[in-house]
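Take a look at the structure below.
When reading the values below, keep in mind they use all heavy atoms of this one structure, side chains included, and skip hydrogens, waters and symmetry mates.
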Amino acid sequence: MSITQTKGAIIATGEGVSVFQAITIKTALKLYAKTGIKANRAYTPKAMMTMAEKITGQKFRARDYLGAVAGLETWIDERKEAGA
């Protein structure tokens with residue numbers, strides 16, 4: 001896994017792309033759960049939950065946004081440990 005941050009860009013290669021996607025969805029879900037604000041027009045609650053389930057392979061209850069955040073955090077941590 002490789003995610004590199006330079007002064008003007010973030011470069012993700014290999015499994016780093018999936019990890020970056022998971023971080024993005026996790027952050028957007030957390031924002032929505034706490035404020036009700038969608039990160040962008042495409043990030044509907046249902047779309048974000050569907051993507052969290054696809055990434056983690058877990059099934060989450062409807063509107064269990066913080067449960068999905070926790071599942072994504074675990075998934076991300078596992079990938080980071082494997083890449084270290």
Side-chain angles (χ1 to χ4, degrees):
M1 173 183 84
S2 175
I3 298 177
T4 308
Q5 184 172 355
T6 65
K7 194 171 191 173
I10 296 174
I11 303 165
T13 57
E15 194 170 41
V17 175
S18 298
V19 171
F20 183 79
Q21 181 184 31
I23 292 168
T24 303
I25 296 295
K26 176 192 80 155
T27 305
L29 273 168
K30 194 182 288 187
L31 174 70
Y32 186 78
K34 292 186 179 203
T35 66
I37 297 171
K38 291 187 283 185
N40 68 42
R41 202 178 281 180
Y43 282 23
T44 63
K46 183 176 180 178
M48 291 187 289
M49 292 296 285
T50 299
M51 187 54 66
E53 290 177 352
K54 182 178 177 183
I55 291 169
T56 63
Q58 297 176 318
K59 181 74 175 158
F60 301 105
R61 291 187 342 255
R63 294 178 294 284
D64 183 15
Y65 307 121
L66 295 179
V69 167
L72 286 164
E73 287 175 344
T74 300
W75 187 90
I76 292 164
D77 290 343
E78 289 170 356
R79 298 307 174 283
K80 286 181 178 178
E81 288 175 11

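Linking Ile, Leu, Val, Met, Phe, Trp and Tyr whenever their side-chain heavy atoms come within less than 4.5 Å leaves Leu31 and Ile25 in two separate clusters.
Between Met49 and Arg63 there is no side-chain heavy-atom pair separated by less than 4.5 Å. Residues Thr24 and Tyr43 form a side-chain contact, since some pair of their non-hydrogen atoms from C-beta on lies under 4.5 Å apart.
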Report task. Verify side chain to side chain contact (heavy atoms under 4.5 Å, CB included) between Glu53 and Gln58, making sure each step is shown before the conclusion. Result -> CA-CA 5 Å; Glu53 290 177 352; Gln58 297 176 318; 5.9 Å; no
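Pairs of residues two or more places apart, or lying in two chains, that qualify as salt bridge (Lys or Arg N to Asp or Glu O under 4.0 Å) and include a residue from residues 24-48 are Lys30-Glu73.
Judged by distance alone, the side chain of Trp75 and the main-chain N or O of Ile55 form a donor-acceptor pair under 3.5 Å.
Of all heavy-atom pairs between Phe60 and Gly71, the closest is CZ-CA, 4.3 Å. Shortest non-hydrogen contact noted between Ala28 and Met48 is CB-SD, 3.6 Å.
Note that CD1 of Ile76 and CD of Glu81 are 12.5 Å apart. Values are rounded to the nearest 0.5 Å.
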